[in-house]
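Just so you know, these numbers come straight off a predicted model, no measurement behind them.
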Amino acid sequence: WNVELHEPGWVNEEWQRYVDSEENIKIKDSRLILIPVKKVDKDGVATYTSGRVSTQHKKIFTYGIFESRLRVPKGKGYLPAFWLMSNDEDIYGQWPRCGEIDIMEVLGNQPDTHHGTIHFGNPHEQCQGSYKLDNETFSDDFHTFAVEWLPGEIKWYVDGKLFHSATKWHSTTEGKGTLPYPAPFNNEFYVILNLAVGGSWVGYPD
C-alpha cells in the first residue's frame, strides 16, 4: 500500500490534510484504522488531518470482485470511501474522463445509507445506486461492501445483496469525440481507502 499525502482542499473543498502518521493510520487487531484528528491552535483556528491509502502503481486491476468489511464513523462532515481510480489518467484524460468506481461511500450525517457510484464523461456524468438499512446504521457494526466489475457491467453488493448495477456509460470528451464502449471502464484501476473531513457533497463538521 501507498500512504498518500495531500493538502487541504486538494479535491471537493475538503478540510483534511492527508498525512503519514500513526495518529491517523494504524493497524490494530488485524484491522486498518483511519482516524481524523482535529487540532486547534492558540488563535482558535482548527485544522484536520486524516488517512488515505492506495495501491497505485503497486497492485492494479482490470475487472474483478473487490470486497472489504468496513465500519464507518457517524457525524456530520465525515466521508469514508472504498473505491477504484484509473492507474494512469493520461490514457483517457483527467478525471472524470478516466472514470471512477465508488464501491462504498456513507455520509456521516446519513449513516444508514450507502452509495455506490460510477463517474465518467466530460462534462461529468454519474450513475448512482443507494442502499438503506432498516433499523441500524453502518456505524453500528461491520458490513461487507463489494463491487463486481465485468466487461460492460458493474454490480454493487452489501452483505452479499445486489442493490445496483450499471451497463450504460460513455467516454466522451467535449470537442474530442467518444472512445469505443466500454471505455473508460476497460482500463487498469487501483484501490483506495480514505476518510475525508468536510467537502462540497458531505458538508462540514458542526
Side-chain angles (χ1 to χ4, degrees), residues 1-6 10-12 14 16 18 20 25 32 34 50-70 72 79-107 114-131 143-158 160 162-174 176-196 199-202:
W1 291 89
N2 308 294
V3 174
E4 294 195 9
L5 309 177
H6 297 290
W10 171 61
V11 292
N12 304 326
E14 295 168 6
Q16 82 289 328
Y18 286 121
D20 186 355
I25 305 171
L32 170 68
L34 303 179
S50 192
R52 174 176 168 129
V53 297
S54 79
T55 67
Q56 188 175 23
H57 304 308
K58 292 184 176 179
K59 193 71 175 178
I60 54 178
F61 310 88
T62 304
Y63 309 125
I65 295 174
F66 303 85
E67 181 177 280
S68 188
R69 189 160 171 79
L70 305 167
V72 302
L79 183 56
F82 168 39
W83 52 301
L84 302 173
M85 184 69 177
S86 174
N87 195 60
D88 186 350
E89 294 185 50
D90 292 332
I91 293 176
Y92 290 146
Q94 295 296 302
W95 190 94
R97 291 173 289 175
C98 61
E100 174 183 327
I101 303 172
D102 295 323
I103 305 170
M104 182 284 299
E105 290 182 297
V106 177
L107 281 66
H114 147 61
H115 306 283
T117 314
I118 52 172
H119 300 268
F120 55 90
N122 183 28
H124 168 242
E125 293 186 39
Q126 68 178 42
C127 175
Q128 184 177 82
S130 301
Y131 183 94
H143 291 266
T144 302
F145 302 90
V147 77
E148 184 178 12
W149 172 25
L150 304 164
E153 185 173 19
I154 301 171
K155 302 176 182 180
W156 286 260
Y157 300 83
V158 174
L162 174 68
F163 73 94
H164 179 55
S165 65
T167 58
K168 294 181 180 180
W169 59 77
H170 60 82
S171 182
T172 301
T173 300
E174 199 171 56
K176 295 185 179 180
T178 299
L179 295 170
Y181 183 86
F185 299 114
N186 59 353
N187 195 15
E188 294 178 333
F189 280 61
Y190 64 96
V191 179
I192 305 171
L193 289 157
N194 70 283
L195 207 172
S200 53
W201 181 32
V202 70

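- Looking at heavy atoms from C-beta onward, Trp156 lies in side-chain contact with Ile118 at the 4.5 angstrom threshold.
- A search for side-chain contact (heavy atoms from CB on, under 4.5 Å) contacts involving Asn122 returns Arg97, Thr173, not counting sequence neighbours.
- The salt bridge (charged side-chain N to carboxylate O under 4.0 Å, His left out) analysis of residues 147-156, with sequence neighbours excluded, yields no pairs.
- Applying the ring-ring contact (aromatic ring centres under 6.0 Å, His included) criterion to His6, with sequence neighbours excluded, gives Trp10.
- Considering only heavy atoms from C-beta on, Phe163 comes within 4.5 Å of Val158 through its side chain.
- The shortest distance between side-chain heavy atoms of Leu34 and Ile25 falls below 4.5 Å.
- Separation of the Phe66 and Phe61 ring centroids falls under the 6.0 Å cut-off.
- Listed by chain and number, the residues in a side-chain hydrogen bond (donor to acceptor under 3.5 Å, both in side chains) with Glu188 amount to none (sequence neighbours excluded).
- Across all their heavy atoms, Ala183 and Ser171 have their closest contact at O-CB, 3.4 Å.
- Between Leu195 and Leu79 the shortest side-chain heavy-atom distance does not fall below 4.5 Å.
- Side-chain contact check for Ile154 versus Ile101: some heavy-atom pair is nearer than 4.5 Å.
- Under the side-chain hydrogen bond (donor to acceptor under 3.5 Å, both in side chains) criterion, Gln56 pairs with no residue, sequence neighbours left out.
- With values rounded to the nearest 0.5 angstrom, Phe82 atom CZ is found 6.5 Å from Leu70 atom CG.
- By the side-chain hydrogen bond (donor to acceptor under 3.5 Å, both in side chains) test, His115 is found to be paired with Ser130, residues two or more places apart in sequence or in another chain being considered.
- With ring centers used as reference points, His124 lies under 6.0 Å from Trp95.
- Every residue meeting the side-chain contact (heavy atoms from CB on, under 4.5 Å) condition with Pro182, not counting sequence neighbours, appears here in chain and number order: Tyr63, Trp169, Asn186.
- In this structure Lys58 satisfies the side-chain hydrogen bond (donor to acceptor under 3.5 Å, both in side chains) test together with Asn2, sequence neighbours excluded.
- The shortest heavy-atom contact between Cys98 and Gly93 is CB-O, 3.1 Å.
- Qualifying side-chain contact (heavy atoms from CB on, under 4.5 Å) partners for Lys168, counting only residues two or more places apart in sequence or in other chains: none.
- Contact annotation: the side chain of His164 never approaches that of Tyr131 to less than 4.5 Å [non-hydrogen atoms, C-beta and beyond].
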**Study point:** Derivation and outcome, side-chain contact (heavy atoms from CB on, under 4.5 Å), residues His57 and Ile60
**Key:** CA-CA 7 Å; His57 304 308; Ile60 54 178; 6.0 Å; no
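- For the salt bridge (Lys or Arg N to Asp or Glu O under 4.0 Å) test, residues two or more places apart in sequence or in another chain that qualify with Glu4 are Arg52.
- Side-chain atoms of Tyr18 and Leu5, non-hydrogen and from C-beta on, never get closer than 4.5 Å to each other.
- Of the inter-residue distances, the one linking Trp83 atom CH2 with Ser68 atom OG reads 15.0 Å to the nearest 0.5 angstrom.
- Shown here are the side-chain contact (heavy atoms from CB on, under 4.5 Å) partners of His143, two or more places apart in sequence or in another chain: Leu133, Glu136, Phe138, Phe145, Asp159.
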### Query
Can Thr117 and Gln128 be said to form a side chain to side chain donor-acceptor pair (under 3.5 Å), step by step?
CA-CA 4 Å; Thr117 314; Gln128 184 177 82; 2.9 Å; yes
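- Scanning for ring-ring contact (aromatic ring centres under 6.0 Å, His included) contacts around Trp1 gives an empty result, with sequence neighbours left out.
- For the pair His170 and Phe120, the minimum side-chain heavy-atom distance is below 4.5 Å.
- Residues Trp149 and Asn187 approach most closely at CH2-O, 3.3 Å, considering heavy atoms.
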